[in-house]
Q: 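Before I ask anything, here is the structure I am working with.
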Amino acid sequence: MAPALAPGAAVIVAGAGVVGIAAALQLRLAGFEVTLLDRGEPAMETSYGNAGAFAVSDVIPLAEPGVLRKVPGWMLDPLGPLALRWRYLPTLAPWLLRFLAASRPRRVAELTQSLAALLGRVNDDYAGLIAQAGLGHLWRRHGNLTLYRSREEFDAAAPAWEAKRRHGVQWQALEREALAGEEASLGEEWRYAVKVPAWSHVDDPYVFSRGLFDAFIREGGRFVRDEALATATEAGRVVGVETAGRGRLRADAVLIACGVWSDRFVKQHQYRVPLESERGYHVNLPKAGVTLRHFIQCASESFVILPMANGGLRLAGTVELAHRDAPPDWRRAHILLDKAKRIVGDFSTEDMTVWMGNRPSLPDTLPIIGPAPQPGLWFATGHGHLGLTLAATTGALLRDMLQGRTPALDMQPYRLSRF
């Protein structure tokens with residue numbers, strides 16, 4: 001473990017997405033002098049448009065067993081649940097090879113255990129931050145519903161659910177009558193569901209993330225709007241960040257939480273980290289006029305419905321593997337409209353907006369959390385579709401390590417050097 005920082009030491013957190021914000025807040029509450037650095041406004045990149053879920057049951061990695069036979073379908077269906085852009089295959093190939101290697105049954109079992117260790121503490125880690133920030137009114141702890149059209153669909157998914165139960169995820173199966181009692185507006189074709197009571201969501205991910213940022217500022221944190229160009233090194237140790245507008249900002253430790261843009265610092269220090277963009281799309285329907293109590297997942301089509309305040313909906317999901325600078329394929333957003341109508345019926349599209357974000361993805365689905373080989377340098381990146389979910393937990397683990405305390409779980413699976 002890296003040496004502990006002295007109480008009151010200066011830490012720069014580069015990246016003001018929800019992971020960086022939550023980490024900065026955790027560190028500030030622990031007594032560190034924290035500067036949060038970003039070229040843009042806090043929470044306005046990927047954190048702005050996520051699906052708002054604390055996805056505590058997502059313990060199985062994306063590279064699940066049997067994924068190899070699915071790859072041809074990804075390449076042939078640009079609007080499928082997981083799509084791969086042909087044009088970017090040469091640059092994505094190293095990531096895909098590692099992704100396929102992570103799908104071996106023994107490796108999946110290891111990764112599932114490591115994901116479950118993180119996800120099992122999410123609600124506890126968030127509870128304190130949410131109370132500190134006064135955001136309890138946004139935290140909806142009603143569970144979620146994963147929908148299935150038939151008993152056959154549910155039975156096909158049952159082994160995965162049983163695996164989740166073995167890793168601490170509590171769930172219950174619902175047939176049509178019980179399902180209708182949970183959500184009366186669901187269409188008749190949905191005959192079965194699984195409810196995870198511990199799953200929760202927030203009404204508006206941006207408002208929530210910004211609320212954590214506001215709490216950070218109230219607690220004495222500092223925000224600098226500038227671009228981090230590189231880390232600054234003296235005598236082999238990272239001592240700060242070189243910025244575009246303010247020159248060198250000095251610190252006792254630098255935490256890189258720049259999402260998919262963390263690769264700038266990975267390359268600077270010549271680390272081997274296969275970080276790519278797991279691009280996600282959403283449709284925002286602020287005047288949908290549909291009231292839902294639960295977060296809804298459609299298992300067969302891999303998308304979700306987030307109930308927002310005042311009858312609004314956000315439709316999100318699907319994964320697109322492409323370069324982060326590739327132009328958006330807005331068809332992937334618009335197809336969610338018809339899918340959602342088959343679940344909740346008709347709704348208003350007045351003031352509808354669409355969005356695409358670059359989620360930082362590593363091929364084994366585990367984030368990097370912890371110190372780099374270079375003294376003074378730390379990373380919190382690669383959270384993929386679990387950025388909001390794991391933000392508070394990531395911050396808590398980093399707080400413990402920077403204070404010199406041993407975290408309550410084995411940090412080896414999340415180390416930078418595993419690649």
Side-chain angles (χ1 to χ4, degrees), residues 17-19 40-55 58 62 78-83 85 138 140 144-147 199-211 259-260 277-292 294-322 324-344 346-361 383-391:
V18 68
V19 171
E41 284 295 314
M44 282 301 292
E45 290 283 354
T46 308
S47 298
Y48 175 84
N50 67 62
F54 296 165
D58 282 6
L62 283 177
L79 300 182
L82 197 157
R85 297 243 192 135
L138 295 176
R140 306 300 184 189
N144 78 325
L145 296 172
T146 301
L147 306 181
W199 184 291
S200 59
H201 70 273
V202 293
D203 275 348
D204 187 312
Y206 169 72
V207 172
F208 177 78
S209 301
R210 185 72 193 210
V260 75
S277 175
E278 179 188 318
R279 290 151 57 100
Y281 292 79
H282 88 213
V283 177
N284 218 46
L285 301 161
K287 299 178 181 179
V290 175
T291 300
L292 290 174
H294 299 83
F295 189 102
I296 303 295
Q297 293 179 286
C298 178
S300 61
E301 301 190 51
S302 299
F303 84 104
V304 304
I305 303 176
L306 165 65
M308 303 184 78
N310 303 315
L313 297 177
R314 175 170 292 177
L315 317 178
T318 74
V319 173
E320 180 185 53
L321 297 176
R324 68 186 182 205
D325 297 324
D329 182 354
W330 293 120
R331 296 175 300 167
R332 294 187 63 79
H334 288 287
I335 60 171
L336 298 176
L337 291 168
D338 288 338
K339 292 182 177 183
K341 287 180 180 179
R342 296 200 297 270
I343 294 176
V344 298
D346 202 10
F347 46 76
S348 172
T349 57
E350 184 179 355
D351 295 336
M352 180 185 85
T353 57
V354 295
W355 174 92
M356 186 278 293
N358 288 290
R359 299 173 292 201
S361 185
H383 292 73
H385 61 286
L386 296 173
L388 176 68
T389 301
L390 291 175

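The chain is numbered in sequence order, starting from 1.
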Q: Name every donor-acceptor pair, under 3.5 Å, that has one atom in a side chain of residues 348-355 and the other anywhere in the protein, sequence neighbours excluded.
A:
from   : atom 1 : to     : atom 2 : distance (Å)
Ser348 : OG     : Glu350 : N      : 3.1
Glu350 : OE2    : Lys287 : NZ     : 3.4
Asp351 : OD2    : Lys287 : NZ     : 2.8

Q: First locate atom CG of Leu321, then atom CG of Leu62, and finally report the distance between them rounded to the nearest 0.5 Å.
A: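 Rounded to the nearest 0.5 Å, the CG-CG separation comes to 9.0 Å.
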Q: To the nearest 0.5 Å, what is the distance between CG on Leu138 and OG on Ser200?
A: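 Separation between the atoms: 12.0 Å.
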Q: Say you draw a straight line from CG of Asn50 to NE2 of His201; how long is it, rounded to the nearest 0.5 Å?
A: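 Going from the CG atom of Asn50 to the NE2 atom of His201 covers 12.0 Å.
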Q: His383 and Leu390: which non-hydrogen atoms are nearest, and at how many Å?
A: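 Looks like CD2-CB, 3.8 Å.
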Q: With heavy-atom distances below 4.5 Å as the criterion, would you say the side chains of Leu145 and Trp199 are in contact?
A: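 No - every pair of side-chain heavy atoms lies 4.5 Å or more apart.
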Q: Flag yes if more than 12 heavy atoms outside Asp325 fall under 6.0 Å of its CG atom; otherwise flag no.
A: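 Enclosed.
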Q: Just wondering, do His334 and Val283 contact through their side chains at under 4.5 Å, heavy atoms?
A: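 Not in contact.
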Q: Are Phe303 and Ile335 side-chain neighbours, meaning at least one heavy-atom pair lies under 4.5 Å?
A: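 Contact flag for Phe303/Ile335 side chains = no.
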Q: Where is the tightest heavy-atom contact between Arg210 and Ala43, given as atom of each residue plus distance?
A: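 Minimum heavy-atom contact is N-CB, 4.4 Å.
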Q: What distance separates His294 NE2 from Asn144 CG, expressed to the nearest 0.5 Å?
A: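 Here the rounded value is 8.5 Å.
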Q: What's the shortest heavy-atom distance between Asp346 and Lys341, and which atoms?
A: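 Shortest heavy-atom contact: OD1-CE, 3.5 Å.
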Q: side-chain contact (heavy atoms from CB on, under 4.5 Å) with Ser361: which residues, sequence neighbours excluded?
A: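 Only Trp95, Glu278 meet the side-chain contact (heavy atoms from CB on, under 4.5 Å) criterion with Ser361.
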Q: Is there a side-chain contact between Arg342 and Cys298 in this structure, where contact means two heavy atoms from C-beta onward sitting under 4.5 Å apart?
A: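 Arg342 vs Cys298: side chains apart.
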Q: Any idea which heavy atoms bring Ala391 and Val19 closest together, and the distance?
A: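 For Ala391 and Val19, the tightest heavy-atom pair comes out as CB-CA, 3.9 Å.
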Q: Just to verify, what does Tyr206 make a ring pair (Phe, Tyr, Trp, His ring centres under 6.0 Å) with, not counting sequence neighbours?
A: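 Tyr48.
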Q: If you look at every heavy atom in Ala340 and Ile305, which pair is closest and at what distance?
A: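 That closest heavy-atom pairing would be CB-CD1, 4.2 Å.
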Q: Between His282 and Leu306, is there a side-chain heavy-atom distance shorter than 4.5 Å?
A: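 Not touching, per the 4.5 Å side-chain cut-off.
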Q: Can you name the nearest heavy-atom pair linking Thr146 to Ala299, along with the distance?
A: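 Where Thr146 meets Ala299 most closely, the heavy atoms are CG2-CB, 3.8 Å.
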